[in-house]
Novice: 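Here you go, one structure.
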Amino acid sequence: MKALVIEKKNLLNIKKKWSPKETLSLRDNIILPEIAENEALVKIKSAGLNFNTVWSSIAYPVDPFALLNGHVRRNPNDKKHLRDYFIPGSDGSGEIVKIKKNKNFKEGDEVVIHCAVIADKDLKMKDPMLSKTQSVWGYETNFGSFAEYSIVKISQLIPKPKNLPWNISGSYMLTLGTAYRMLASVNGLDLKRNDTCFIWGASGGLGIFAIQICNYLGVKPICFVSNNDKKEFCKKFGAKYIISLSEMENKKFFLKNGEFNTKFWSEISTSIYSLIGTNKVDAVFEHPGADTLALSIFLLRRGGKVVTCAATSGYKAKIDLRYLWMELKQIIGSHFCNSTEANIASDLVAKGHVKHTPSKIIELEDIPENLNNIFQRKTFGKIAVDLNKN
Ligand code: NAP
């Protein structure tokens with residue numbers, strides 16, 4: 001079959017400054033291994049781009065083959081994932097073409113695939129994301145969605161929302177599910193009506209769903225974006241309170257000597273005040289990491305909470321601990337979501353409470369170029385991949 005792959009041998013020749021385009025290539029001679037009892041073979045009809053394929057393709061902070069080794073160490077029955085190629089892609093939808101007898105799914109069923117791979121023995125845990133066996137499909141496991149067919153665990157399957165056409169149905173689950181757990185779940189912020197939440201990167205893949213989930217919950221989202229095109233884009237998803245970096249007087253998170261730019265912090269606080277009448281928020285939706293974490297903590301009211309799932313600008317963050325303990329604040333770590341949360345989140349799309357309108361629909365061949373654009377912060381919302389013609 002045809003697939004977009006990262007070849008092990010290509011990573012050996014990588015230069016100091018490389019881009020996703022250099023490590024991803026198309027192959028049309030991939031033969032997938034047999035599926036196990038707890039797996040399904042899915043003909044992929046559509047997929048979605050996520051930042052994690054940027055990380056895979058630049059082998060940073062961890063080389064994808066090291067991640068595959070890690071998965072197999074934790075899941076010795078999954079040795080078939082160790083190949084000389086890696087197929088990325090952590091969002092997808094399609095038709096089941098092979099599955100052993102199962103009470104929930106059968107061959108021919110139309111499904112969306114969520115990316116939480118968890119050993120069957122741990123699926124009954126209160127929160128299966130706490131299982132040591134957990135990996136992200138198409139990032140830490142092989143046979144992701146950038147291919148004609150994919151091998152997935154049956155526990156990753158969700159019925160495809162009937163209201164979504166094939167070409168966009170495989171591109172919402174990862175960021176929607178992540179944002180849902182971060183904001184709405186008891187495993188995340190567990191936000192309630194009238195709470196206020198500051199959202200970084202509001203025009204991005206996580207951001208557009210964070211805005212909509214907040215609005216659905218009756219929470220007030222205060223959005224941050226880097227420019228006015230992104231500001232306009234957020235409005236299409238229901239954002240009302242938006243701060244654009246391009247309109248600020250101070251534009252740097254840090255001073256030249258590496259200290260926090262507290263003038264920038266004050267300006268953001270003042271902007272929040274002018275939008276919602278108070279200069280502190282109940283919660284912050286964090287993912288940029290090193291650039292923003294200290295400021296996120298500062299922006300919280302006493303007892304407020306930051307939830308974080310990523311570190312796009314760097315994972316070694318400097319913070320001022322005084323703002324944390326003196327004001328009794330908390331930082332919560334979050335990672336994708338469990339199957340229950342994924343089903344609830346997908347249902348929000350199926351019932352029309354959350355809209356999924358990708359900014360672009362591309363083909364398999366266009367993925368490397370578009371990942372480059374994601375890497376350079378040039379994209380808006382989600383990008384869908386149409387594989388229906390393959
Ligand atoms: P995305 O679509 O590229 O959006 C990220 C947004 O973050 C961009 O639109 C950009 O907005 C903003 N941003 C980037 N660097 C920033 C900085 N230094 N300061 C402030 N804002 C910054 O990516 P995404 O899908 O939303 O994912 C964001 C991150 O979360 C990635 O690192 C991804 O790997 C991670 N993630 C983790 C999980 C998980 O389960 N742990 C799940 C999904 C995503 P502006 O240009 O407007 O500033």
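Read the numbers this way: they start at 1 and go in the same order the structure lists the ligands and their atoms.
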Novice: A310 to ligand 1: N or O pair under 3.5 Å?
Specialist: no

Novice: In the protein, which heavy atom is nearest to atom 29 (C) of ligand 1, and how far is it?
Specialist: T312 OG1, 3.3 Å

Novice: Look at atom 1 (P) of ligand 1 and say which protein heavy atom is nearest, naming residue and atom and giving the distance to 0.1 Å.
Specialist: G205 N, 3.9 Å

Novice: Test of understanding: given a 4.0 Å heavy-atom threshold, classify the contact between T175 and ligand 1 as side chain, backbone, both, or neither.
Specialist: side chain

Novice: Can you check whether V62 reaches W55 side chain to side chain, under 4.5 Å on heavy atoms?
Specialist: no

Novice: With the side chain counted from C-beta on, respond yes when F198 and L300 share a heavy-atom pair under 4.5 Å apart, and no when they do not.
Specialist: no

Novice: Salt-bridge test for D195 and K220: reply yes if a basic N is under 4.0 Å from a carboxylate O, no otherwise.
Specialist: no

Novice: Can you find an N/O atom of T292 closer than 3.5 Å to an N/O atom of ligand 1?
Specialist: no

Novice: Can the positive tip of K280 be found less than 6.0 Å from the middle of the six-membered ring of F298, inside 45° of the ring normal?
Specialist: yes

Novice: Apply side chain to side chain donor-acceptor pair (under 3.5 Å) to the pair Y241 and T196, showing each step before the final yes or no.
Specialist: CA-CA 11 Å; Y241 313 103; T196 53; over 6 Å; no

Novice: Kindly confirm or rule out an N or O of G207 lying under 3.5 angstrom from an N or O of ligand 1.
Specialist: no

Novice: My understanding is that we take every heavy atom of each candidate and find the minimum distance to atom 7 (O) of ligand 1. Doing that for K231, K378, H287, which one comes out nearest?
Specialist: H287

Novice: Say whether I374 and ligand 1 are in contact under the criterion: heavy-atom distance to a ligand atom below 4.0 Å.
Specialist: yes

Novice: As an exercise, identify every atom of ligand 1 less than 4.0 angstrom from a heavy atom of G201.
Specialist: 6 (C), 7 (O), 11 (O), 12 (C)

Novice: Could you give the distance from CG (L293) to CD1 (I319), rounded to the nearest 0.5 Å?
Specialist: 5.5 Å

Novice: So does E247 pair up with K231, basic N to acidic O under 4.0 Å?
Specialist: yes

Novice: Could you tell me whether W55 approaches ligand 1 through its side chain, its backbone, both or neither, with non-hydrogen atoms closer than 4.0 Å?
Specialist: side chain

Novice: With only distance considered, is H335 within less than 3.5 Å of ligand 1 through an N or O on each side?
Specialist: yes

Novice: Counting both backbone and side chain atoms, is some N or O of F253 under 3.5 Å from an N or O of ligand 1?
Specialist: no

Novice: Do L41 and I99 touch side chain to side chain, with heavy atoms closer than 4.5 Å?
Specialist: no

Novice: Considering only heavy atoms from C-beta outward, does the side chain of D127 approach that of R181 to under 4.5 Å?
Specialist: yes

Novice: For ligand 1, which is the ligand I care about here, please tell me if L206 has any N or O atom under 3.5 Å from one of the ligand's N or O atoms.
Specialist: yes

Novice: Which ligand 1 atoms does F336 reach within 4.0 Å, using its non-hydrogen atoms?
Specialist: 39 (C), 40 (O)

Novice: How does S313 reach ligand 1, if at all, at less than 4.0 Å between non-hydrogen atoms: by side chain, backbone, both, or neither?
Specialist: side chain

Novice: For ligand 1, is there an N or O atom under 3.5 Å from any N or O atom of R377?
Specialist: yes

Novice: Is a side-chain donor or acceptor of N343 paired with a backbone partner of S339 at a separation under 3.5 angstrom?
Specialist: yes

Novice: Can you label the angle between the Y216 ring and the H353 ring as parallel, tilted or perpendicular, going by 30° and 60°?
Specialist: tilted

Novice: What about S226: any of its N or O atoms under 3.5 Å from an N or O on ligand 1?
Specialist: yes

Novice: Any chance you could lay out the side chain to side chain donor-acceptor pair (under 3.5 Å) test for S171 and D91, step after step, and finish with the verdict?
Specialist: CA-CA 6 Å; S171 49; D91 255 330; over 6 Å; no

Novice: Are the aromatic ring centres of F260 and F253 under 6.0 angstrom apart?
Specialist: no

Novice: Backbone, side chain, both or neither: what part of P288 comes under 4.0 angstrom of ligand 1, heavy atoms only?
Specialist: side chain

Novice: Counting heavy atoms only, which of C223, C309, C337 comes nearest to atom 37 (C) of ligand 1?
Specialist: C309

Novice: Pick, from T178, N227, N373, the option with the minimum heavy-atom distance to atom 38 (C) of ligand 1.
Specialist: T178

Novice: Pick one of side chain, backbone, both or neither for how L174 approaches ligand 1, counting any non-hydrogen atom pair under 4.0 Å.
Specialist: side chain

Novice: Run R27 and E7 through salt bridge (Lys or Arg N to Asp or Glu O under 4.0 Å) and show every step you take.
Specialist: CA-CA 10 Å; R27 254 173 80 167; E7 308 262 5; 3.1 Å; yes

Novice: Would you mind checking if K98 and E34 are paired as a salt bridge, meaning a charged N to carboxylate O distance below 4.0 Å?
Specialist: yes

Novice: Tell me the protein heavy atom at minimum distance from atom 18 (N) of ligand 1, and give that distance in Å.
Specialist: D291 OD2, 2.9 Å

Novice: Quick test: of every protein heavy atom, which one is nearest to atom 4 (O) of ligand 1, and how far off is it to 0.1 Å?
Specialist: G204 CA, 3.4 Å

Novice: Which bit of K230 is near ligand 1, meaning a heavy atom under 4.0 Å away: side chain, backbone, both or neither?
Specialist: side chain

Novice: Considering non-hydrogen atoms of the protein only, which is the closest contact for atom 33 (C) of ligand 1, and what is the distance?
Specialist: F51 CB, 3.5 Å

